[in-house]
2 protein chains.
Amino acid sequence: MELDFGKLDGLVPAVVQESATGEVLMLGFMNREALTETQRSREVTFYSRSRRKLWKKGETSGHSLRVVELRVDCDADSVLARVELRGPGACHEGFRSCFFRRLEPDGRLTQTEERAFDPARVYGEKRS
Amino acid sequence: MELDFGKLDGLVPAVVQESATGEVLMLGFMNREALTETQRSREVTFYSRSRRKLWKKGETSGHSLRVVELRVDCDADSVLARVELRGPGACHEGFRSCFFRRLEPDGRLTQTEERAFDPARVYGEKRS
């Protein structure tokens, strides 16, 4: 099985969905090494575009993402990780899901859920 | 509200999730114009990287994606479209979801669902 990493300079988007609830928790990117590490460890591991290195989700917060199954799309250029969220939330802002804001038709953003934890206590200055 | 289109040369990934079931149907990309058109028409509209133009999902197949709500992630660099799927499937291969294959730990791909329609009858040579 070979994914198509060529369309985004070595990366594929990886959607993370909570397996039990169907909630979409976040979207990150994986390079070939991150995907291999995700398969090996069964913990979602991204490639951080800003830090230019592998990034195991939860390495700072402890809020890791255990892989239940990985799916590949028809064009083999994106991944869906169905996971078990270990912790109160996936988002570094303190929410369960990174998609905690609705884009209204008039362009305003409204918050759709309450914070699940205090990010300052969990992350300090770091984020992951 | 301004999304961050700068990280991917003017694009953001857009995850499409069926609102009623939570199923992740597909992932595409939007540029600013595609997002504006999606908001205006309430029909998911992508930017096709291969054809280099806007691409209203369903323009060939009729299997369009009516927007129930749009979500924006914490970093404002990806979008989640929660939709109503109008038609038997979102995938140009004939499946409900483009993520119809599981990536097994040993690297094999296994199909996880049956085809919902015959793509040759719906698309002919085209795809959208």
Side-chain angles (χ1 to χ4, degrees), chain A residues 1-3 7-9 11-19 21-29 35-36 38-40 42 49-50 67 69-82 90-95 97-110 112 119 127, chain B residues 1-3 7-9 11-19 21-29 35-36 38-40 42 49-50 67 69-82 90-95 97-110 112 119 127:
Chain A
M1 164 58 202
E2 184 54 15
L3 278 177
K7 292 178 181 172
L8 283 181
D9 291 332
L11 303 177
V12 295
V15 182
V16 176
Q17 181 182 37
E18 190 174 49
S19 178
T21 63
E23 189 173 13
V24 175
L25 298 176
M26 64 186 298
L27 183 142
F29 290 86
L35 179 62
T36 300
T38 298
Q39 285 184 278
R40 190 198 63 75
R42 308 304 283 174
R49 295 179 292 174
S50 55
V67 172
E69 65 171 354
L70 294 172
R71 299 283 192 98
V72 173
D73 79 344
C74 47
D75 294 329
D77 59 7
S78 61
V79 168
L80 172 64
R82 293 173 53 82
C91 180
H92 74 279
E93 300 270 2
F95 297 88
S97 166
C98 293
F99 295 97
F100 61 85
R101 295 177 298 175
R102 182 187 298 125
L103 178 57
E104 305 290 356
D106 65 5
R108 282 182 307 116
L109 288 175
T110 54
T112 55
R127 301 175 156 198
Chain B
M1 164 60 203
E2 185 54 16
L3 279 176
K7 292 179 181 172
L8 284 180
D9 290 333
L11 302 176
V12 294
V15 182
V16 177
Q17 181 182 37
E18 189 174 49
S19 177
T21 64
E23 188 173 13
V24 175
L25 298 175
M26 64 186 297
L27 183 142
F29 290 86
L35 179 62
T36 300
T38 298
Q39 285 183 278
R40 190 198 63 75
R42 308 304 284 174
R49 295 178 293 174
S50 55
V67 172
E69 64 171 354
L70 294 173
R71 300 282 192 99
V72 173
D73 79 342
C74 46
D75 294 329
D77 60 6
S78 61
V79 168
L80 171 64
R82 292 174 53 84
C91 180
H92 74 279
E93 301 269 2
F95 297 87
S97 166
C98 294
F99 294 97
F100 60 86
R101 295 177 299 175
R102 183 188 297 124
L103 179 57
E104 306 290 357
D106 65 5
R108 282 182 308 116
L109 287 176
T110 54
T112 55
R127 298 174 158 199

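Every chain is numbered from 1, with letters handed out A, B, ... down the list of sequences.
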Less than 4.5 Å to any heavy atom of chain B: does that hold for the side chain of [X], its backbone, both, or neither?
| X | value |
| --- | --- |
| A:Leu25 | neither |
| A:Val15 | side chain |
| A:Asp9 | neither |
| A:Val79 | backbone |
| A:Ser97 | neither |

Can you say whether [X] sits under 4.5 Å from chain A via the side chain, the backbone, both, or neither, judging by heavy atoms?
| X | result |
| --- | --- |
| B:Arg42 | side chain |
| B:Arg49 | side chain |
| B:Pro13 | side chain |

Main-chain N/O of A:Asp73 paired to B:Arg101 side chain as donor or acceptor, under 3.5 Å: yes
Within-4.5 Å side-chain heavy-atom neighbours: B:Val24 and A:Arg82: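 The answer is no; the side chains never approach within 4.5 Å.
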Gap separating the [atom1] atom of [X] from the [atom2] atom of [Y], nearest 0.5 angstrom:
| X | Y | atom1 | atom2 | result |
| --- | --- | --- | --- | --- |
| B:Leu80 | A:Cys98 | CG | SG | 11.0 Å |
| A:Leu8 | B:Phe29 | CG | CZ | 4.5 Å |
| A:Arg102 | B:Leu70 | CZ | CG | 10.0 Å |
| B:Asp77 | A:Leu27 | CG | CG | 8.0 Å |

What one should report as the nearest heavy-atom pair of A:Cys74 and B:Glu93 is CB-CG, 3.8 Å
Please determine, among B:Glu104, B:Glu69, B:Glu23, B:Met26, the option with the most heavy-atom pairs under 4.5 Å with chain A. B:Glu69
When B:Ser78, B:Gly22, B:Cys91 are compared by non-hydrogen pairs under 4.5 Å with chain A, the top option: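 Highest number of heavy-atom pairs under 4.5 Å: B:Ser78.
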